[in-house]
Every structure is written in C-alpha cells, then in structure tokens.
A.B. asks: 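Sharing a structure, written as structure tokens. Questions coming.
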Amino acid sequence: MRKISPATYLFSIGALVIAGFIIFGVVVKSAPSPYDSFAQCLTEKDVKMYGAYWCAHCQNQKELFGNAFRYISYEECATPGAPKVMTATCEIAGVKGYPTWKNSAGEIIAGEQTLENLAEFSGCKL
C-alpha cells in the first residue's frame, strides 16, 4: 500500500471542501424561490425598482426577494465614479430617494416595502 504524505492528504481534503462549497453555491443560487412568480408578475406589469448599490435599504429590499430578485426590473441610480450623483434616467423617473418603486401608471412608492405592499401596489398575487 502506498503512503500518502500529510501535505497531499491536507491538499486533497481542502480541494474536496472547496468543491463542496462551489457545488452548494451553484445549487442554492439556482434553486427556485417561492417569490419567482411574484417577481415575474411585477416585471410583466412594468413595476420597476430604483436603487443604489450603496443603499442599505435597497440591499434589504433585494434580500427580501432572495433569488427571485433576478426577475425584478431594477434601475441602478448611482453614477459610476460619483456614487452620490443620481443618473439622468432616475432623475427623469422622479426618484427622490432609495429604494423607489414605480408602476406603469407613473405612481411611486418610496422606501423599503413589504411584499404585501408591493402586491397591493402592483395588483400581483403574492
């Protein structure tokens, strides 16, 4: 029987652990969310979220949807290189703060919203 050096053994264990984390990450990211259809409905009804990458409330709003956020129409309002300067698209949309949600009728609700509030705002079933 061939002896395995401690370094080779540790390397092999480490490689298996890393592979496990990668596989777990892929499975978790691709797992369907219970909010997929709700998020898709928001997009179909032309409801859009406006936010900024540095905004903690925007991050909370995104986390509320989990993986389903990938279906949300999202507009980044922070200007690259000048994060506190709002993009022209967001100014034209009437965004005053983050997050802001706007529907196809031009109605706006500002601030972090519950899913129930968004369902009422959009007419989408939660």
A.B. asks: Mind checking the OG-CG spacing from S122 to L115? Nearest 0.5 Å is all I need.
C.D. replies: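 One gets 10.0 Å once the value is rounded to the nearest 0.5 Å.
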
A.B. asks: Hey, what do you get for OG (S37) to NZ (K125), rounding to the nearest 0.5 Å?
C.D. replies: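 Taking OG in S37 and NZ in K125, the distance rounds to 8.5 Å.
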
A.B. asks: Quick check: closest heavy atoms across F69 and F65, and the distance to 0.1 Å?
C.D. replies: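 Nearest pair, atom of F69 first, then F65: N-CB, 3.7 Å.
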
A.B. asks: To the nearest 0.5 Å, what is the distance between CG (L126) and CG (L118)?
C.D. replies: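 Rounded to the nearest 0.5 Å, the CG-CG separation comes to 9.0 Å.
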
A.B. asks: Quick test of your reading: applying side-chain hydrogen bond (donor to acceptor under 3.5 Å, both in side chains), list the pairs with at least one residue in residues 83-99, sequence neighbours left out, ordered by first then second residue.
C.D. replies: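 As it turns out, there is no side-chain hydrogen bond (donor to acceptor under 3.5 Å, both in side chains) pair with a partner in residues 83-99 once direct neighbours are skipped.
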
A.B. asks: Report yes if some heavy atom in the side chain of M86 is under 4.5 Å from a heavy atom in the side chain of T79; otherwise report no.
C.D. replies: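 Counting from C-beta outward, M86 and T79 never come under 4.5 Å.
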
A.B. asks: Test your reading of the model: is there a side-chain donor-acceptor pair from K102 to the backbone of A93, 3.5 Å cut-off?
C.D. replies: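 Side chain of K102 to backbone of A93, a donor-acceptor pair under 3.5 Å: yes, one is there.
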
A.B. asks: Hey, could you give me the CD1/CG distance between I108 and N103, rounded to the nearest 0.5 Å?
C.D. replies: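 Here the rounded value is 9.0 Å.
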
A.B. asks: So does Y35 have more than 12 non-hydrogen atoms from other groups sitting under 6.0 Å from OH?
C.D. replies: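 Open.
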
A.B. asks: Who are the side-chain contact (heavy atoms from CB on, under 4.5 Å) partners of A110, not counting sequence neighbours?
C.D. replies: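 Checked A110 against side-chain contact (heavy atoms from CB on, under 4.5 Å); matches are T100.
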
A.B. asks: Hey, can you pull the donor-acceptor pairs under 3.5 Å for the side chains in residues 54-63, sequence neighbours left out?
C.D. replies:
residue	atom	partner	partner atom	Å
W54	NE1	P83	O	2.8
H57	ND1	E112	OE1	2.6
Q59	NE2	Y53	O	3.2
N60	ND2	E112	OE1	3.4
Q61	OE1	W101	NE1	3.4
Q61	OE1	Q113	N	2.7
Q61	NE2	Q113	O	2.8

A.B. asks: With E76, which residues qualify under side chain to side chain donor-acceptor pair (under 3.5 Å), at least two apart?
C.D. replies: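 Side chain to side chain donor-acceptor pair (under 3.5 Å) list for E76, sorted by chain: Y74.
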
A.B. asks: For residues 65-114, which residue pairs qualify under disulfide bond (SG atoms under 2.5 Å apart), counting only residues two or more places apart or in two chains?
C.D. replies: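 As it turns out, the disulfide bond (SG atoms under 2.5 Å apart) pairs with a partner in residues 65-114, which skip direct neighbours, are C77-C90.
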
A.B. asks: Output side-chain donor-acceptor pairs under 3.5 Å for residues 39-51, partner residues at least two apart or in another chain, one line each.
C.D. replies:
residue	atom	partner	partner atom	Å
T43	OG1	A39	O	3.4
T43	OG1	Y71	O	2.3
T43	OG1	S73	N	3.3

A.B. asks: Which pair of non-hydrogen atoms, one from F121 and one from I109, has the smallest distance, and what is that distance?
C.D. replies: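 For F121 versus I109, the nearest heavy atoms are CG-CD1, 3.7 Å.
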
